[in-house]
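Comments concern the structure below.
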Amino acid sequence: GLSQVPDVQFQMPGPRVWGKYLWRSPHSKGCPGAMWWLLLWGVLQACPTRGSVLLAQELPQQLTSPGYPEPYGKGQESSTDIKAPEGFAVRLVFQDFDLEPSQDCAGDSVTISFVGSDPSQFCGQQGSPLGRPPGQREFVSSGRSLRLTFRTQPSSENKTAHLHKGFLALYQTVGECPSWGCREGASVPSHDPGIFKP
């Protein structure tokens, strides 16, 4: 009877250690190495830092604020890096934009940044004079990647009535010198900073 007790205790850690190793291994490389996790689990659920990497393709894909078109939650921050294949750039345009307006977008904001350009920060609603909405502006990265950061301030108690649905953007790859930009130059104002590097 008593001689069997050590055997039971000895055998128990075996499957537990194996299971622990099995479930930890996909995460061992951290966020950058987990592209397929991102595709499976969505934009914001793959990593605890709420950062993700998306791969741009020739056909436009959607990027939205969490829960869109339902109102977004307050007090959150997430960054999304959109990357293009070698030899291509990332093009992003907002189809819908509805963030709480604030002075200099110090409250809720969307920030677009890429190498060679100062970050551009936006808030407010499309077509509204309040805040700084992006309008129909097209963002084209100077390199292969573009970062979108969505940041919302914690809610103050007297502002529960103001609900905003966030944003819907389309992103896709473009050649480094797309035909609609470099040759004609009509659809993209050359004086607008951050569209093309000189």
Side-chain angles (χ1 to χ4, degrees), residues 31 34-84 88-114 117 119-141 145-174 178 180 187-188 192 194-195:
C31 297
M35 274 298 298
W36 59 279
W37 278 97
L38 300 173
L39 297 173
L40 285 173
W41 296 109
V43 176
L44 296 173
Q45 289 151 10
C47 300
T49 53
R50 287 188 172 269
S52 60
V53 178
L54 299 175
L55 196 61
Q57 298 172 6
E58 195 175 340
L59 293 173
Q61 300 175 82
Q62 289 189 356
L63 173 62
T64 66
S65 52
Y68 178 92
E70 296 298 316
Y72 57 81
K74 302 289 280 180
Q76 59 179 305
E77 179 173 347
S78 61
S79 290
T80 304
D81 287 313
I82 306 172
K83 295 188 182 297
F88 290 88
V90 178
R91 171 182 178 264
L92 182 140
V93 62
F94 288 97
Q95 299 282 305
D96 192 12
F97 195 90
D98 176 18
L99 266 66
E100 187 175 315
S102 59
Q103 184 72 35
D104 296 325
C105 296
D108 300 352
S109 66
V110 165
T111 303
I112 302 289
S113 57
F114 48 85
S117 170
S120 304
Q121 203 168 39
F122 303 100
C123 62
Q125 292 169 277
Q126 296 285 52
S128 167
L130 298 173
R132 192 189 303 139
Q136 297 303 305
R137 180 173 163 185
E138 294 176 333
F139 302 90
V140 178
S141 63
S145 66
L146 177 150
R147 170 171 288 190
L148 184 149
T149 303
F150 177 56
R151 185 181 291 113
T152 66
Q153 296 298 315
S155 179
S156 53
E157 291 174 18
N158 60 349
K159 280 196 171 183
T160 50
H162 297 294
L163 296 174
H164 298 269
K165 59 184 176 179
F167 66 87
L168 164 64
L170 294 179
Y171 65 93
Q172 65 189 112
T173 58
V174 289
W180 49 261
S187 60
V188 180
D192 197 347
I195 298 283

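Here the structure is a predicted model, which means the values were calculated and not measured. FYI, side chains are in, hydrogens and waters are out, and symmetry mates aren't considered; it's all heavy atoms of this structure.
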message: Working note: Gln62 + Tyr68, criterion side chain to side chain contact (heavy atoms under 4.5 Å, CB included); need CA distance, chi angles, decisive distance, verdict.
response: CA-CA 11 Å; Gln62 289 189 356; Tyr68 178 92; over 6 Å; no
- request: Tell me, with the steps shown, if Phe94 and Ile112 meet side chain to side chain contact (heavy atoms under 4.5 Å, CB included).
  value: CA-CA 11 Å; Phe94 288 97; Ile112 302 289; 4.1 Å; yes
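Here the closest non-hydrogen pair linking Ala84 and Thr173 is CB-CG2, 4.0 Å. Taking each heavy atom of Gly166 and Ser65 in turn, the nearest pair found is CA-OG, 3.2 Å. In plain terms, the two heavy atoms of Ser128 and Pro133 that are nearest each other are O-CG, 3.8 Å. Here the shortest heavy-atom pairing between Pro101 and Cys123 reads CA-SG, 4.3 Å. Smallest separation of non-hydrogen atoms from Gln121 and Ser109: NE2-OG, 3.4 Å.
Screening residues 146-156 for salt bridge (charged side-chain N to carboxylate O under 4.0 Å, His left out), with sequence neighbours left out, gives Glu77-Arg151, Asp81-Arg147.
Inter-residue side-chain proximity for Lys83 and Ser145 is flagged as met; some heavy-atom pair is nearer than 4.5 Å. In this structure, Leu148 and Phe167 have side chains that are in contact, with non-hydrogen atoms separated by less than 4.5 Å. Using a 4.5 Å heavy-atom cutoff, the side chains of Glu100 and Tyr72 are in contact. Using a 4.5 Å cut-off on side-chain heavy atoms (C-beta onward), Asp104 and Arg132 make contact.
Distance alone, capped at 3.5 Å, is enough to place a donor-acceptor pair between the Ser141 side chain and the Val90 backbone. Proximity of a side-chain donor or acceptor of Gln61 to a complementary backbone N or O of Leu55 within less than 3.5 Å is detected. In this structure, Gln95 contributes its side chain and Ala169 its backbone to no donor-acceptor pair below 3.5 Å. Thr152 contributes a side-chain N or O that, together with a main-chain N or O of Gly73, makes up a donor-acceptor pair within less than 3.5 Å.
Between the CD atom of Gln153 and the CG atom of Asp108 there is a distance of 6.5 Å, given to the nearest 0.5 Å. The CD1 atom of Ile82 sits 11.5 Å away from atom CZ of Phe139, with the distance rounded to the nearest 0.5 Å. Going from atom OG of Ser52 over to atom CG of Leu63 covers 7.5 Å, rounded to the nearest 0.5 Å. Taking CG from Leu99 and CZ from Phe150, the interatomic distance works out to 5.0 Å, rounded to the nearest 0.5 Å. Rounding to the nearest 0.5 Å places CZ of Arg137 at 12.0 Å from CZ of Phe97. Taken from OG1 in Thr80 to CG in Leu146, the straight-line distance is 10.0 Å, to the nearest 0.5 Å.
Of the candidates Gln126, His164, Lys165, Asp98 forms a side chain to side chain donor-acceptor pair (under 3.5 Å) with just one, namely His164.
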